[in-house]
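Along the sequence shown, the residues carry numbers beginning at 1.
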Amino acid sequence: MSAAVLARADELARLEALDVGKPLKQGRADAVALARYLEFYGGAADKVHGETIPSPTAIPRSTLREPHA
């Protein structure tokens, strides 16, 4: 998916310029940022390990997994 965004970054920049008046340079930078976000979050999907966040106090902590509504 990120490769498709990068391949069409110039087109996406033009669309942003037409839609909201954004400069082409900024629109292209936004498309590149989108590609990087897609890579990061797409790669994060298999990185859930079920660990609980450490607590600096003696208060017990737990992690409850629920579907996002």
Between CD on residue Glu16 and CG on residue Leu18, distance to nearest 0.5 Å: 9.5 Å
Quick check: is Leu12 connected to Val20 through a chain of hydrophobic side chains (ILVMFWY, heavy atoms under 4.5 Å apart)? no
List, by chain and then residue number, the residues other than Phe40 in its hydrophobic cluster (Ile/Leu/Val/Met/Phe/Trp/Tyr, side-chain heavy atoms under 4.5 Å); write none if there are no others. Tyr37, Tyr41
List for me each residue that meets side chain to side chain contact (heavy atoms under 4.5 Å, CB included) alongside Ile59, sequence neighbours excluded, and say none if there are none. Thr57, Arg61
Check which hydrophobic residues are tied to Val32 through side-chain heavy-atom contacts below 4.5 Å, counting indirect links as well, and list them. Leu6
For Arg14, what residues pass the salt bridge (charged side-chain N to carboxylate O under 4.0 Å, His left out) criterion, not counting sequence neighbours? none
Mind checking what makes side-chain hydrogen bond (donor to acceptor under 3.5 Å, both in side chains) contact with Asp30, not counting sequence neighbours? Lys22, Gln26
